[in-house]
Amino acid sequence: MGRTRERFAAGAAVALLTLTGCGAGSDGNGATATVPRMATGSLEHLAGEVGCAPDIQTDADEIRQAICGNEDGRFVLATCATDRGQREWLNEAKDYGGFYLVGRKWVAVGASKVVTALRGRLGGTMEEGTSHHSGSSGGGGHEAHSGTGG
């Protein structure tokens, strides 16, 4: 229930920050690729579509989450039981920044370059999170995060 969603959001945020270094790199928005029809299926099916052997981190009725990697890079892949659960998770997770590829009851989270490459295989729509850093670090864009929250 709510506790599972909170654990998933926290786990996804930590994984996202670990994988992307808290928002690194340029995003090469040069070429516009043809986007395929949106993929559907289980977490394992989606992982297979992008050449990933998923390392399952969360396996609950409401949400399944895995850390994946392929030639494009590392990312988090998650499937949700309901559209509403997916949107609620996205609304919470986007506060941590990052780049999201959103499909029907699934989300891939990672660096811009990785998510853009995944879109060429899975379809979906790109969304960008908003990072709300506390404190002042001088603006290098590479602040450290402890993963703790209130």
Keeping the roles fixed (side chain from Trp89, backbone from Arg84), state whether a donor-acceptor pair exists under 3.5 Å.
-> no
Taking the side chain from Asn70 and the backbone from Val50, do they hold a donor-acceptor pair closer than 3.5 Å?
-> yes
Decide yes or no on side chain to side chain contact (heavy atoms under 4.5 Å, CB included) for Leu118 and Phe75, but give the supporting numbers first.
-> CA-CA 10 Å; Leu118 292 173; Phe75 55 96; 3.7 Å; yes
Spacing of SG belonging to Cys52 relative to CZ belonging to Arg74, to within rounding of 0.5 Å | 9.5 Å
Just do the side chain to side chain contact (heavy atoms under 4.5 Å, CB included) check on Ile63 and Thr79 with the steps written out, would you?
-> CA-CA 6 Å; Ile63 196 151; Thr79 55; over 6 Å; no
Carboxylate-amine/guanidinium proximity below 4.0 Å for Arg64 and Glu44 = yes
Residues Glu92, Leu90; criterion side chain to side chain contact (heavy atoms under 4.5 Å, CB included); working and verdict | CA-CA 5 Å; Glu92 292 177 22; Leu90 275 168; over 6 Å; no
Charged N to carboxylate O below 4.0 Å: is that the case for Arg119 and Asp72?
-> no
Nearest 0.5 Å, what's the CZ-OG1 distance between Phe99 and Thr116?
-> 8.0 Å
Would you find more than 12 non-hydrogen atoms of other residues, nucleotides or ligands less than 6.0 Å from Arg104 atom CZ?
-> no
Heavy-atom closest contact (Pro54 atom, Leu43 atom, distance) = CB-CD2, 3.7 Å
Once you round to the nearest 0.5 Å, how far does CZ of Arg37 lie from OG1 of Thr40?
-> 7.5 Å
Would you say the side-chain atoms of Tyr100 pair up with the backbone N or O of Ala93, donor to acceptor, closer than 3.5 Å?
-> yes
Value rounded to 0.5 Å, distance of CD in Gln65 from CG in Leu77 = 9.5 Å
Donor-acceptor under 3.5 Å (Gln86 side chain, Gly103 main chain) = yes
Atom pair CG/CE of Leu122 and Met38 - distance to nearest 0.5 Å = 10.0 Å
Start with the C-alpha distance between Arg121 and Val35, add both sets of side-chain angles, then the distance that settles side chain to side chain contact (heavy atoms under 4.5 Å, CB included), and finish with yes or no.
-> CA-CA 8 Å; Arg121 297 179 186 179; Val35 177; over 6 Å; no
Looking only at heavy atoms, the pair that brings Gly124 and Leu101 closest together is C-CD1, 3.9 Å
Between atom SG of Cys80 and atom CD of Glu88, what is the distance when rounded to the nearest 0.5 Å?
-> 10.0 Å
